[in-house]
Amino acid sequence: MADPRLFSSGSGTRDDRTDASGRRLYNPYQDLNIPYKQLYDLPTSPEFLFQEESLAQRRSWGENLTYYTGIGYLSGAVAGAAVGLRDAARNAEPGDTTKIRANRVLNSCGSNGRRMGNTLGVIGLLYAGIESGMVAVRDRDDWINSVTAGLGTGALFRAANGPRSAAVAGAIGGVLAGAAMAGKQAAKRYVPAL
């Protein structure tokens, strides 16, 4: 094989990367006249379409909606699958074959996981929508938005069961959102950053 130092690359650009013996390393882009370094040397800082987006310290309403809905669905599906596994183990009969037991486990986990995942996904969707609406109306991001979103989510989620059920669920949602905000503030203050 010929020594690559004897021949020019033909593109007019010199590649000075060499190995331990002083031989120039192979560059598959040496004969292409494209600015590949500008294409693939990406910045590490976040990029924003508008400058005012870089000043915001919070997720946008779409990101917030996607995040809460996804987290709700995923956690509900996992919890529902765990409940389904417990139910399938509890309902197993001594004479069942392995195939029947596996079918029972899959059916029970799938059914409970789907039901709980959809329920918590809808709750996350309602919460994110109300919280993002409150941030847009008030132009502030504080604990009032979260507690109001919890109240509204509980009330809307149980509104079909009557006003009393909606009021109780709204109160529970507000208390849970307030407790979550208090826990978040306590964790920020007392738990060291990992």
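The chain is numbered in sequence order, starting from 1.
- In plain terms, the two heavy atoms of Thr153 and Tyr127 that are nearest each other are OG1-CA, 3.1 Å.
- Ala88 approaches Arg104 most closely through the heavy-atom pair O-CD, 3.8 Å.
- Nearest heavy-atom pair, Phe157 versus Thr119, reported as atom, atom and distance to 0.1 Å: CZ-CG2, 3.5 Å.
- Listed here is the closest heavy atom pair of Ala177 and Ser146: CB-O, 3.3 Å.
- Using modelled atom types and a 3.5 Å distance limit, the side chains of Asp87 and Asn91 yield no donor-acceptor pair.
- Ile100 CD1 to Glu93 CD: the interatomic distance, rounded to the nearest 0.5 Å, is 10.0 Å.
- Distance OG/Ser111 to CG/Leu106: 12.0 Å, rounded to 0.5 Å.
- Across all their heavy atoms, Asn112 and Gly80 have their closest contact at CB-O, 3.1 Å.
- One hydrophobic cluster, built from ILVMFWY side chains closer than 4.5 Å, holds both Leu151 and Met181.
- Arg115 is linked by a salt bridge (charged side-chain N to carboxylate O under 4.0 Å, His left out) to nothing, counting only residues two or more places apart in sequence or in another chain.
- Considering only heavy atoms from C-beta on, Ile130 comes within 4.5 Å of Leu156 through its side chain.
- Taken to the nearest 0.5 Å, the CG atom of Leu120 stands 12.5 Å off from the CG atom of Leu125.
- One N or O on the side chain of Asn118 and one on the backbone of Arg114 form a donor-acceptor pair closer than 3.5 Å.
- The closest side-chain donor-acceptor pair between Asn64 and Ser132 falls under 3.5 angstrom.
- Between the side chains of Asn145 and Arg138, at least one donor N or O lies within less than 3.5 Å of an accepting N or O.
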Kindly list each side-chain donor-acceptor pair under 3.5 angstrom involving residues 67-79, sequence neighbours excluded, with atom names and distances?
| from | atom 1 | to | atom 2 | distance (Å) |
| --- | --- | --- | --- | --- |
| Thr69 | OG1 | Leu65 | O | 2.7 |
| Ser75 | OG | Ile71 | O | 2.8 |
| Ser75 | OG | Gly72 | O | 3.2 |

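- Nearest heavy-atom pair, Ala169 versus Gly154, reported as atom, atom and distance to 0.1 Å: CB-O, 3.2 Å.
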